[in-house]
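As structure tokens, the structure follows; a few thoughts come after it.
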2 protein chains.
Amino acid sequence: MALDRKDLAILAELTTNARASHTELANKVGLSSTALARRQKALEDEGYIQAYQAALDLAQFGLTTTVLVRIALESQSDEALKAFEAEVVKCPSVVRCFLMSGNDDYILIVMARDIQDFERIHRTELSRLPRVARVQSSFALREVVNRAVPNVVFGEAKR
Amino acid sequence: MALDRKDLAILAELTTNARASHTELANKVGLSSTALARRQKALEDEGYIQAYQAALDLAQFGLTTTVLVRIALESQSDEALKAFEAEVVKCPSVVRCFLMSGNDDYILIVMARDIQDFERIHRTELSRLPRVARVQSSFALREVVNRAVPNVVFGEAKR
DNA sequence: CCGGGATGCGCGTCGGTGTGCCCAAGGAAA
DNA sequence: TTTCCTTGGGCACACCGACGCGCATCCCGG
């Protein structure tokens, strides 16, 4: 299935207002509500839209500090990777974890209240991860860009 | 304002089904629809809920490759930072950009179709950024964890 | 000329939403 | 202890709008 400009406009709008009604969306895209309903349903059925989710303001929960953690394991054996990953998914402060190429084996993104809180996280969550050889943390001073979807997806539609 | 367990349950549910109706949510949380409507509106008004947004499946758009890019500038002057940031926000393949402490000045997360596509992005987007001294790219082999909200937020509610 | 795909219009039904009101629980003051 | 007040919850209702259907139309490609 190929997406035309209107499909992309629908997706762009839904990434902002997931609760918009059919008529509301139809006006913005330039379709009738029924045509829009069909397209939206098709986008859902074919998996372009994974879910509709509320975006929480983490700052309201005191989570103002983002930390990037680079982790190297003692061994890259399949067993070591599995053991590490099984535990890292349980860490409640971890929001993302990538298995990486290059020197570092894993890169985590961790949310903390502040630096002191990260010390606690480091002690109670990160240091308990198995098979870890080295942990290196960098603090994010500021977030310059934060998009759920790269603009390249909407490329043609923005015009 | 303090959030009790039911507020957290509402947020946890909305993080999954942003389009759930009042009655639907009320049943899951254990409230009447009117009580739930009040709480949900309060959560919105006080900024706990920033927005309702559709989550797109980037793999459906061919964006299966995640790249972490570490960038050091020639200078850390305020002017250099501003110049760099003004351009990086325009890069359509960049989804996140942090100003970092430590050796690297910025860390970007870039979405690409594949490695060849990243070469193109490197050429047409990244290499055109101003004041850049060094660019170092690492490919994500796999995404182990990807949460919008750290589980620590819902801590007590999960019981 | 014709047929498939997509669009737009109109309509009826259904469900959500918001309001008003009453009730229960908890805390404070007398 | 009693009384008052506040806070939050539930119930009922009515309104409004969304949703999904059927059908006619249009555009394009064959």
Side-chain angles (χ1 to χ4, degrees), chain A residues 1-62 148-149 153-159, chain B residues 1-57 60-62 148-149 153-159:
Chain A
M1 174 190 184
L3 302 184
D4 62 8
R5 190 166 304 142
K6 289 180 179 175
D7 288 314
L8 296 177
I10 295 170
L11 293 175
E13 187 59 29
L14 282 174
T15 48
T16 306
N17 313 324
R19 310 196 66 155
S21 66
H22 290 168
T23 45
E24 196 173 340
L25 282 174
N27 290 335
K28 298 212 179 188
V29 176
L31 281 176
S32 69
S33 67
T34 152
L36 180 124
R38 272 195 295 266
R39 292 176 94 118
Q40 182 175 350
K41 177 162 175 24
L43 291 170
E44 293 167 358
D45 291 344
E46 300 186 20
Y48 289 96
I49 297 174
Q50 272 187 329
Y52 297 98
Q53 53 194 25
L56 307 189
D57 182 6
L58 296 184
Q60 287 280 335
F61 297 89
V149 179
V153 168
F154 305 124
E156 335 243 343
K158 276 304 173 58
R159 164 181 3 196
Chain B
M1 173 187 183
L3 301 184
D4 62 8
R5 188 165 303 139
K6 289 181 179 174
D7 288 314
L8 295 177
I10 295 170
L11 293 176
E13 187 59 30
L14 282 174
T15 309
T16 307
N17 314 323
R19 309 197 67 156
S21 67
H22 290 169
T23 45
E24 195 173 339
L25 281 173
N27 291 334
K28 299 212 179 186
V29 177
L31 282 176
S32 69
S33 68
T34 152
L36 180 126
R38 273 196 293 263
R39 293 176 93 117
Q40 182 175 350
K41 178 160 174 24
L43 290 169
E44 293 167 355
D45 291 345
E46 301 186 20
Y48 289 96
I49 298 173
Q50 272 187 328
Y52 298 98
Q53 53 193 27
L56 307 189
D57 183 7
Q60 287 280 338
F61 298 89
V149 179
V153 169
F154 305 124
E156 334 244 340
K158 282 298 173 64
R159 173 182 3 184

- Residue pair A:Leu36 / A:His22: nearest heavy atoms and the distance that separates them: CD2-O, 3.7 Å
- Query: Within the pair B:Ser21 and C:dG16, is there a side-chain N or O less than 4.0 Å away from OP1 or OP2?
  - Reply: yes
- B:Lys6 or A:Thr23, whichever maps to the more 5' nucleotide of DNA chain D: B:Lys6
- Rounded to whole Å, the NZ-P distance (A:Lys41 to D:dG20) equals 9 Å
- Message: Pick the closest DNA chain C nucleotide for B:Glu24 and for A:Thr34 by heavy atoms, then say which residue is nearer the 5' end.
- Response: A:Thr34
- Query: Quick one: on DNA chain D, does A:His22 or B:Leu36 contact a more 5' nucleotide (nearest heavy atom)?
  - Reply: B:Leu36
- Task: Using whole Å, report how far CG of B:Leu3 lies from P of D:dG8.
- Result: 12 Å
- Nucleotide D:dG8, atom P - distance to CZ of B:Arg39 in whole Å: 8 Å
- May I have the distance from A:Leu25 (atom CG) to D:dG17 (atom C1'), rounded to whole angstrom? 15 Å
- Item | Spacing of A:Gln40 atom CD relative to C:dA6 atom C1', expressed in whole Å | 17 Å
- Message: Return whichever of A:Arg38 or A:Arg19 has its heavy-atom-nearest nucleotide of DNA chain C closer to the 5' end.
- Response: A:Arg38
- Task: Could you verify whether a donor N or O on one side chain and an acceptor N or O on the other, from A:Tyr52 and A:Glu44, lie under 3.5 Å apart?
- Result: yes
- Item | A:Asp45 side, atom CG; A:Lys41 side, atom NZ - distance, nearest 0.5 Å | 3.5 Å
- Query: Given D:dC11, is OP1 or OP2 found less than 4.0 Å from the side-chain N or O atoms of B:Ser32?
  - Reply: no
- Message: Looking only at the side chains, is there a donor atom on one of A:Ser21 and A:Thr23 sitting less than 3.5 Å from an acceptor on the other?
- Response: yes
- Query: In whole angstrom, what separates A:Leu43's CG from C:dA6's P?
  - Reply: 13 Å
